[in-house]
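See below for the structure under consideration.
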Amino acid sequence: MHIAYIDESGSTGERLDDQEQPVFAMAGLVVRDEGWRKTSREIQSVLIEAFGGSLPDGFELHAADLLAPEGQGFFAGWEMDARTTLARGLLQLIEERKHQILLQVYDKKRLIETAQPAPKVGFPWSDPWELAFAMFLTMFEEFLRGKVTARGI
């Protein structure tokens with residue numbers, strides 16, 4: 001069994017011309033069911049070490065905070081090198097654990113110019129969240145097909 005953790009950024013619904021959020025992204029991490037606890041513990045360890053022994057109360061990891069030019073949120077005041085090292089360490093962990101990353105990214109203005117396919121596809125083509133989620137499910141299914149005995153949730 002495989003589990004997919006999904007998150008998105010830049011969701012403005014069908015408002016595709018939002019100047020403040022011109023890009024929509026949906027990413028997912030596909031984890032084997034027998035490996036998710038170990039992966040979770042290892043991610044916690046990497047984060048706890050980066051914060052010097054304990055995580056701040058209410059901590060949530062957001063790439064926007066981690067990779068902002070000056071760092072923000074829980075990463076405000078961190079040097080770019082420290083934040084980049086943490087990001088690379090987390091990506092290396094995902095690679096070492098052989099998890100799969102799935103990604104959909106859309107330039108929302110280009111969706112304005114894109115015609116709805118015919119026949120209808122069963123979701124609002126003009127909402128990047130709906131489009132990305134449908135594509136994500138397709139990618140997840142294709143990933144699982146490559147696994148002889150895999151199922152997913």
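Everything numeric in this text was worked out from a predicted model, so none of it was measured.
- Under the side chain to side chain donor-acceptor pair (under 3.5 Å) criterion, Q100 pairs with no residue, sequence neighbours left out.
- Atom NZ of K98 is separated from atom OG1 of T39 by 12.0 Å, given to the nearest 0.5 angstrom.
- The minimum heavy-atom distance between V30 and H99, with the atom names listed, is O-CB, 3.3 Å.
- Evaluation of the salt bridge (charged side-chain N to carboxylate O under 4.0 Å, His left out) rule for R97 yields no partner, not counting sequence neighbours.
- Taking CG from L29 and CG from L102, the interatomic distance works out to 8.5 Å, rounded to the nearest 0.5 Å.
- The hydrophobic cluster containing L66 also includes I43, V46, L47, I48, F51, L55, F59, L61, L67, F74, F75, W78, L86, L90, L93, under a criterion of side-chain heavy atoms closer than 4.5 Å among ILVMFWY residues, counted directly or through chains of members.
- Between A132 and F24 the shortest heavy-atom distance is CB-CE2, 3.4 Å.
- D65 meets the salt bridge (charged side-chain N to carboxylate O under 4.0 Å, His left out) test with no other residue; sequence neighbours excluded.
- Taking E141 as the reference, R145 meet the side chain to side chain donor-acceptor pair (under 3.5 Å) condition, with sequence neighbours excluded.
- Separating the CZ atom in F140 from the NE2 atom in H2 is a distance of 7.5 Å, to the nearest 0.5 Å.
- Every residue two or more places apart in sequence or in another chain that forms a side chain to side chain contact (heavy atoms under 4.5 Å, CB included) with D107 is listed here: K109, R110.
- Residues satisfying the ring-ring contact (aromatic ring centres under 6.0 Å, His included) test with F136, not counting sequence neighbours, are none.
- Sorted pairs that involve residues 78-90 and meet salt bridge (charged side-chain N to carboxylate O under 4.0 Å, His left out), not counting sequence neighbours, are lacking altogether.
- With a 4.5 Å cut-off between side-chain heavy atoms of Ile, Leu, Val, Met, Phe, Trp and Tyr, the cluster of L103 takes in V23, V105.
- Judged as a side chain to side chain donor-acceptor pair (under 3.5 Å), and not counting sequence neighbours, the contacts of T12 are K108.
- Partners of Q92 according to the side chain to side chain donor-acceptor pair (under 3.5 Å) rule, which considers only residues two or more places apart in sequence or in another chain, are E96.
- Here salt bridge (charged side-chain N to carboxylate O under 4.0 Å, His left out) pairs that include residues 30-59, with residues two or more places apart or in two chains, are R32-E34, K38-E42.
- Residues G13 and P128 share a closest heavy-atom pair of O-CD, 3.3 Å.
- The OH atom of Y106 sits 3.5 Å away from atom CG of L131, with the distance rounded to the nearest 0.5 Å.
- Heavy atoms only, all atoms of each residue included: P22 and Q19 are closest at CD-O, 3.7 Å.
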